[in-house]
Structures are given as structure tokens and as C-alpha cells.
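Every number for a ligand or one of its atoms is a count from 1 in the order of the listing.
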Amino acid sequence: MAEGVRTTCPYCGTGCGVVASRARDGWAVGGDPEHPANHGRLCSKGAALPDVLGTEGRLLRPTVDGETVGWPAAIAAVASRLRAVVEESGPDAVAFYVSGQLLTEDYYVANKLLKGFIGSPHIDTNSRLCMASTVAGHKRAFGADVVPGCYEDLDEAELIVLVGSNLAWCHPILHRRVRAARDRGARLVVIDPRRSATCDDADLHLALKPGSDVALFNGLLAELDRRGRLDRAWAAGFTRGLEATLEAARAEATDLAAVAAACDLPLDALEGFCELLAGTPRTVTLFSQGVNQSSSGSDKVNAILNLHLATGRIGRPGMGPFSVTGQPNAMGGREVGGLANQLAAHMDPDDPDDLDRLRRFWRAPNLRGGQGLKALELFEAVAARRIRALWIAGTNPAVSLPEAETVRAALAACPLVVVSDVTADSDTARFADILLPAAAWSEKDGTVTNSERRISRQRGFRAPPGEARPDWWIFAQVGRALGYGRAFAWRHPSEIFREHARLSAFENGGSRAFDIGGLADLSRAAYDALEPVQWPFAKGGAPTARLFATGGFFTPDGWARLVPLRRSEPKERPSFVFPLLANSGRYRDQWHSMTRTGLAARLAGHRPEPLVELHPRDAARLGLADGSLAHIESRHGAAVMRVAASEAQRPGEVFLPIHWTDAYASRAVVGRLVAGHRDPLSGQPESKHTPVRLRPFKACWSGLLLSRRAVSPAGIGYWCRSAGAGCQLVELAGEESAPPAWLVEQPLAGAGLERLDYRDSARGVRRLAWLDGDRLEAALFLAPDRPQVARAWLQGLFGRDALGAAERAGLLAGRTPEAAADRSRLVCACFAVGLAEISAALADGRATSAPEVGRLLSAGTGCGSCLPEIEALVRAGRERRGPEAA
Ligand SMILES: Nc1nc2c(c(=O)[nH]1)N[C@H]1C(S)=C(S)[C@@H](COP(=O)(O)OP(=O)(O)OC[C@H]3O[C@@H](n4cnc5c(=O)[nH]c(N)nc54)[C@H](O)[C@@H]3O)O[C@H]1N2
Ligand SMILES: Nc1nc2c(c(=O)[nH]1)N[C@H]1C(S)=C(S)[C@@H](COP(=O)(O)OP(=O)(O)OC[C@H]3O[C@@H](n4cnc5c(=O)[nH]c(N)nc54)[C@H](O)[C@@H]3O)O[C@H]1N2
Ligand code: SF4
Ligand SMILES: [Mo]
């Protein structure tokens, strides 16, 4: 690996260093042992990066109104149509909606183009759905959007509190660090309404009532004061607002029992937590979307910050509030001012001095003051035709925004939609008038900033396919075509980075937290060689790991603010019509709308289908058997998902994964269900608390299609596609009495193939296979219930060039010829699943319980007689894996 290219993982905000090197059949990646974020480790998504480097699904050429064109024509079309909108409706009719997955250089150029030159303030980003509440909370408390600590604080902490964070799945390498801390004696407390995978490693899990975080932290603050455990001297020296904040907290709950009642927590557990907190100064509170994605998100953030400020636990080793960022460059986007309520380099659009400063620096007379529209307002303005041109880059709002059906209607009606993406067929790209092919990770150069303010290089190591180009280049070309050539003349991202760094230091003098003046003179070679480095890093200074241990806040007077808070509830409560509260979030091995991770078979295995998880009592009450399908409906939309009854859920609450799109499933876009309630200060939507109802999807027939080609069989009640080894797997089911005739007659496999057909009318079973010579192209299994077939073995057949007679026979039996391809002992006879296959799934963590084994391999879901054996294997696996399991 040594002579590979050192770059940074394109997924989560942990920001792991990756080394890419040539391998026999493509590229290999490994963790960068020298990167301080991961010290050589990678999680499942990072390790699977080579699997998603192909051109499958890539957008390769620009298109205008559906016609493939060259870049000059595409750029000219974007520029002329934008100009027409500006002339007709003014610059305010133009908006950009960008992404925390763009590189800092891309982001900087987009922001400069729209705010500085086109003259519209309406650029917002998917960070509005992600980090906006934290930004608002940081600014209220610290006067600037700054994470005070660093990852090493996790190594130093004695108590780590995770609030609304499923770290084990969403930041797996940070989670390893937390586990290592625990192994040497630190305590881990998880605060989350559901028992997530992260809770497996916790000393204490507080399954609080959804949305009750402010009540909890207010209560803890007042209780620590009662016990004399605040650091009043520190607070008096560096903060304002302690007394008013305490008074507000005390007014809500007179003792812990009242807090326990408000949060629906067992009193003894809460007391235990309070005791730990009181006695452990070295506390890190790490928080994420269970905090941010709430109608009281910024209050939740400040409730956490209040506690740290009142105890002086900030900016010192092993202490601090720690917002973990989601996207690889969520932080970089905040540095360049990608949010509608920011200017570049931490300047303020409502501050006339900042505006003047930026206008002079950019020589941008069109730069206007005031705040732009935040994401949800922005799409409302599109719907109302006030925004008439929208450029979307690096995000998939047709999936990820709340009330996604309304968003789609707005996009459909918008006179000009430009989409820059790496994927040809994203749900959002379907609405584009102009589609621009962006270069992907591995093909582009620039920087990203991770959760601990560490700037790392992403380095390209291969040429983009087709006509794909880096995002900064695309924005800059349009800037030039609009006549702003001088301001968009860069030839390389290093030049953009230098300008960005110079701006951060421009007339700064310590007034703005974001200062990377120390990097403002990097030569191209030095930029290429840049080692990961933390800001602030002023010219003549040194990189900074921690801030605020002895004050130095960025408020006008330099004092931090404690913010008096009142508890709140989610905006919409369950009702008679929609009696369950839907939470939503992530799976370990998928990334958002699956445009990249969805391509990798080894990532599909963990959760091949989206599950609606709910408490077994609710499932029983609603007549929903584990493994059956359910309709999920909210006031805004509907979905169909497979039911997973789970004690991990609180009764009355369900959990839904956010990953599946119209490209991967018939109806599983969670954004369609979610209501657009938002935090009043940050504008961040309440993605985690939407009332829904469930009812059985009464499947009369079910099917499994394995196909060499990717297929999305539109028109079927339930289908869900996942990547298999050498083939796609599509689960099918319908509520009508029989599958549509075209499914068997007109094979999705393609025309001119040999068809094998087996029918057992008495049992309602039908099995079909299509072959091209001796090569298997597709197989379809139909049955009243989920077809009982050996999935792993069947997938293996797609790896063969020619099938023998025994395999052809096995194919129509749906199982191995002698049920022996898995040469270990057969455990599940119904589905022909062997011991080796089950053990492998348990060992690599794809399944951690008997129901999960069932969902993954079907084992145990037929007659059920092997369930006790599978349960024993699960127990044995747990004991063997011990604390080191990933
Ligand atoms: N595998 C994977 N990793 C990812 C991503 C991915 O798509 N896939 N995306 C990345 C991105 S952009 C982000 S933002 C992060 C998100 O990382 P996380 O925030 O850790 O992930 P989520 O699953 O969205 O939600 C976290 C938890 O919040 C809990 N929660 C819901 N409501 C409440 C509440 O009222 N209070 C509390 N305390 N908790 C609540 C949920 O039950 C859930 O377990 O992950 C990043 N990492
Ligand atoms: N209900 C619910 N909704 C949520 C959330 C939730 O927890 N619950 N979480 C929210 C959060 S935290 C987030 S961050 C969002 C994420 O939501 P999105 O940002 O919409 O999700 P992605 O699938 O990551 O979209 C990224 C897009 O950029 C493309 N892309 C990848 N690389 C590049 C590149 O280099 N250049 C360009 N131009 N395009 C590229 C991908 O193909 C993809 O289409 O979802 C939010 N929505
Ligand atoms: S933890 Fe995050 S950054 Fe690290 S390898 Fe996994 S997805 Fe990539
Ligand atoms: Mo995010």
C-alpha cells in the first residue's frame, strides 16, 4: 500500500484517511495508517469503496432537454437560461441547493457565483437537514460555529455520553475509539429512544421519550446545581446567563423524579446517570441527528452546551460537547458559508462590515446582504414560482427532504432545473432540464473538513469517465460564461483553496473563528502534499486542537452564553388516525439515497430490504407478522416495507431507514412520509418524529427474481432490488390474486433466451429460469408466501459461465442439487441454509439475532423447527465475539 495515493473517505464526517493503490483487477483501498482520524482503520463502507468505482449507473455526458450535448453547449445553455431568468424576474429568482458532499473548493465557487456575482442570497445546502441546529446552537453559545474539542478527547474521557447518535453504524471508526476508551475503563451512556446497535456496547441506555432531550438536560443541570457540582468559578469567569438558565431549568422540574416522568425514564437509571455525570469531570457529550433533526433542535444543542459551560467541561483534554458531522464535508460547507444564513469564511450576511469586506475581497458589487431562503422555504418558493431557476449539486432532495412528494411537484413545475450529479438516474435527476456529469470521488482533487475541524486532502487517482468534470470547474465555467471571467479564472483547486484561505484571514485579527491564514500561501506542490491539519490556524500561529478552555469566545464581549430553555414536544403528536410515531435514520452499510453504496453486493447483505421496526406488542395488535409486509401511511405519503418486530423499539414508535429510493424499491421513500415541521431558529426539519399508521400488506403471492441485469419492475405492489454477487435480487409481492402475466411471459431478463418453466399448481408454486446458451440470465420464483429457495447458492450460479444438468435441475427446485453446495451441515431444511452460511453471517455481523438471520438468509422462517438451533448459534457467536466485534 505504501506507494498508493493518500486520500480521504467520501462517506461520513469521521474523515478517515484512505490509501488507494492499483490491484490486479482494478483498485484496492486500505486505511491510511498515518491519518489521525482512523490510524489505518476503515469501516465496511470505506472498505467497499473499490466495489463502487465502476461506471455502472454513472452520468457520463451533459444533457440539455434530454439531448446529449458537449460541454460548451451545456455551459452555454445553463448560462443563457440563468441570464434569462435574472432579466425577467431578478436575481432573487435563482437558487442553488448544494451539499456537504461537495469539496470545499467546489462549495466555495458555488457560493461565490450565486451570492457574489449572480447576486442572489438563496444558496442553501443539505446541511440544513443535518447540521443547521448545531450551527445555530454553537452561534448562540460561542458566538461562532465551532466544535471546541477533538477526537483525542475520546481517548482521554472517563465518561462518554452519546445523545441521538447511532455511532456504531454511522461513525464506525469513531465508535471503535469509544469502545477502546471503554475497554480502559471509561463509561458509555447512550440516550436514544430506541435501542440501537450502539447500545450493545453501552453501560447505560436511556430510552427517553422522543423529543424530550431539553427536559432531560435542563433537569440534569438543575440537579447538578442542587448537588453543588457546577464549576461556578469557571462559569463566572467566562460565561453569562447561568442564573437565568438555572432558574428556567428549576421551574420545569423540582427533582429528578419529575425529570424522569417528563422523559418517560426509569428513575433509578436517571439517578445512576446523574451520579456518573456529577462525579466525572472528564465528560464528552457527543451528539448527532437525534438532537439536530427536531423542531427544538437548536434548544437541544444549547441544553447540552449549557451543561458543559456550567460545569466548565469544555476545551480541556477529555471534556467537551462534541457535534459529530454527518457528511464528509459538512464542516467545510459551513466554512465557506454554504448555508443561506451565512457568508463565506464565517462572516455574517446581516453585518454591514462583513458585507463590505467580502464585496471588496471578491470585487463583487452584486453581493447583497440579508439571509437567503433555508432549504424548506426554498422549495416552497420554487413551488410558489418565486424561484424560477434551481441548480442542485451533490444532493438528492426528491428523496431526502420532508414532504418529498411536494418537493417533486415543485421540481416538475420549476421552469429551469439544473442537476449536477455522478448518477444518471437519481430520483432528482428525473426532474432535470439540464444534467451535468460531475467527477466522483477518486477522480477529483480538493479538501474536506471532518468533525474535529481537520482539513484533509481528497486526491484523485484516476481520470473521470466520459465527460465528467469536477464540480468547481462546472460552476466556474458558468461564471465565465456569464461574463465574470476574472473572478472565476482558477486552473486548479489549489488556487481556489489559497483564495479561500486568504479570505479567512482577510481583516480577521482574531474576530472570526475560522482562520486558516497559515495555509494561505501554499504552493501547488505544498497543497498536493498537505497533511491533515486542524483549524484555526492563523498565519504565524499553529493548528489548534481545542478551544475555549480559558474563554476566548467569539461573542462581541468574548463571554459564552448559557441559554435559558423550556422543554418542548415534537410538533405533531400521534393521533387516533396516525397512532404511531415514526423515527428515521440510517443502516450500517448504506449511504443515504444509495446511489453509490447500493451498487455493492457486500454492502447489500446487511439489510437487503428496508424494514419497519416496531415493538412486538404493536406488531401483534396490528396483525403484522415478523417478516410480512406492511403499508405505512402518514398525512403526506405512503410506503411499503417488511416488518421487523423488535424489543429495541419503544411501544408506539417505529423506525424507518432513509435509504431506499424509487430506483431501488416500489414505495419506500421515507421523505414522502415525513412532515415539514422545523426548528424555528435553524430551519432544520423534524425528520425523526412523524405520526404514521400501519396496516398489513395482504400479499397473495410473493416472488424472488434474480437477474444479471438491473431491473425495476414498475407496476408491482411491492418490489425491492438489491445488489447480489453477479446479479440483482428483486423481492416481489402483490395484493392481487396472481402476479401480472407479463412477469412470466415477457421476461425482464431480455428476449431470445431459453426458458425453463416448472409449475406445481396445487401448491401455487412456479419457478422459471432464462438461459443464454448455458449461461444463467435470470431466475424467477413465485409462491403464495416468500419462495423457499437457497439464495446464496442461486447467486453463485451467476458466477458460472455454464450450468450443468444437476444445476439446471437444482435451479428449478430452488436449491442445491443435493442441498450440499454449502458442504457444512444443513441447519434450515426449508431454505437449504447450511451451518457455514449462518456462522459466516453471524461472524461478520451481518446478522446478530435469529430474526436477522431469517431476514438475511431466510433460515428459520419456514417451518421454524431450526429456530432453537439458530438461536444457540447466535448466543455462541455473541460469547465468542466479545467486545472486539465490529
Ligand atoms: N452508514 C451510514 N453512516 C452515515 C450516514 C449514512 O447514510 N449511512 N450518513 C452520515 C450523515 S450525513 C449523518 S448526518 C450521520 C447521522 O448519524 P446519526 O445521527 O448517528 O444517525 P441517525 O440514524 O440519523 O440517528 C441517530 C439516532 O437518533 C435517534 N433519535 C431519534 N429521535 C431522538 C430523540 O428525540 N432524542 C434522541 N436523543 N435521539 C433520537 C434515533 O433513534 C437514531 O438512533 O451519519 C453519517 N454516517
Ligand atoms: N427522514 C429523514 N430524512 C433525512 C435524514 C433523516 O435522518 N431522516 N437525514 C438528512 C441528512 S442528515 C442528510 S445529510 C440528507 C442526505 O440526503 P442527500 O444529500 O439527498 O443524499 P445523498 O444520497 O447523499 O445525495 C448525494 C447525491 O450527490 C451525488 N454525488 C456523489 N458524489 C458527487 C460529487 O462529487 N458531485 C456531485 N455533483 N454529486 C455527487 C450522489 O449520486 C447523490 O445523488 O438526508 C436528510 N434527510
Ligand atoms: S468511518 Fe466514515 S470516514 Fe471512516 S471509513 Fe467509515 S464511512 Fe469512511
Ligand atoms: Mo447528514
Side-chain angles (χ1 to χ4, degrees), residues 10-14 43-45 57-59 98-103 106 125-131 162-172 190-199 206 208-213 216 287-294 296 300 324-328 330 392-402 404 419-423 426-429 436-441 443-444 468 470-471 474 570 581-597 603 653 655-659 661 669-671 673-674 684-685 687-690:
Y11 297 124
C12 84
T14 304
C43 76
S44 50
K45 292 180 296 300
R58 278 294 291 272
L59 177 62
V98 297
S99 166
Q101 293 171 68
L102 296 176
L103 305 182
D106 302 327
T125 138
N126 61 1
S127 283
R128 184 68 57 197
L129 321 179
C130 182
M131 304 312 305
L162 303 185
V163 194
S165 158
N166 184 9
L167 205 70
W169 280 9
C170 296
H171 301 85
V190 177
I191 300 173
D192 190 316
R194 70 183 181 122
R195 198 174 67 229
S196 67
T198 303
C199 300
L206 298 177
L208 83 175
K209 187 170 92 182
S212 66
D213 304 71
L216 175 63
F287 56 97
S288 185
Q289 298 315 341
V291 169
N292 291 330
Q293 290 172 339
S294 153
S296 59
K300 288 187 182 187
V324 275
T325 51
Q327 300 176 92
I392 298 166
T395 176
N396 199 354
V399 179
S400 53
L401 277 174
V419 172
S420 315
D421 207 297
V422 303
T423 306
S426 79
D427 285 17
T428 299
L436 305 173
W441 183 81
E443 301 153 10
K444 54 195 265 179
D471 288 283
I474 304 175
L581 198 61
N583 182 359
S584 65
R586 289 152 173 83
Y587 283 171
R588 191 191 69 190
D589 288 356
Q590 293 298 347
W591 178 263
H592 299 161
S593 65
M594 292 172 66
T595 57
R596 288 168 291 166
T597 46
L603 296 179
E653 295 164 24
F655 183 79
L656 309 170
I658 61 171
H659 305 293
T661 66
V669 174
V670 169
L673 300 168
V674 173
Q684 180 155 356
S687 313
K688 300 246 182 288
H689 315 301
T690 298

Should [X] be listed as contacting ligand 2, given a heavy-atom distance under 4.0 Å as the test?
X      : value
Val399 : no
Ala439 : yes
Gly671 : no

Going by the order shown, which atoms of ligand 2 are within less than 4.0 Å of some heavy atom of [X]?
X      : value
Thr423 : 42 (O)
Arg596 : 31 (C)
Val422 : 30 (N), 31 (C), 32 (N), 33 (C), 34 (C), 39 (N), 40 (C), 42 (O)
Val674 : 1 (N)
Ser420 : 37 (C), 38 (N), 39 (N)
Ala438 : 36 (N), 37 (C), 38 (N)
Gly394 : 26 (C), 27 (C), 28 (O), 37 (C), 38 (N), 39 (N), 40 (C)

Pick one of side chain, backbone, both or neither for how [X] approaches ligand 2, counting any non-hydrogen atom pair under 4.0 Å.
X      : result
Asp421 : both
Asn396 : both
Asp471 : side chain

Main-chain N/O of [Y] paired to [X] side chain as donor or acceptor, under 3.5 Å:
X      : Y      : result
Asn126 : Gly100 : yes
Ser584 : Ile658 : no
His659 : Tyr587 : yes
Lys688 : Pro210 : no
Gln293 : Pro685 : no
Gln289 : Gly164 : no
Ser212 : Lys209 : yes
Lys45  : Gln590 : no

| note | side chain to side chain contact (heavy atoms under 4.5 Å, CB included) filter on Val674, not counting sequence neighbours, yields Pro402, Val670, Thr690
| remark: Sequence neighbours excluded, the answer for side chain to side chain contact (heavy atoms under 4.5 Å, CB included) partners of Pro437 is Leu59, Pro62, Trp71, Ala468
| field | Side-chain heavy-atom pair Asp589, Thr597 within 4.5 angstrom cut-off | value | no
| remark: Residue set satisfying side chain to side chain donor-acceptor pair (under 3.5 Å) with Asp192, at least two apart, ordered chain then number -> none
| query | Measuring from each atom of ligand 1, which residues have a heavy atom under 4.0 Å away? | reply | Cys12, Lys45, Cys130, Val163, Gly164, Ser165, Asn166, Trp169, Cys170, His171, Ile191, Asp192, Pro193, Arg194, Leu208, Pro210, Gly211, Asp213, Ser288, Gln289, Gly290, Lys300, Gly326, Gln327, Asn583, Gly585, Arg586, Tyr587, Arg588, Gln590, Trp591, His592, His659, Lys688, His689
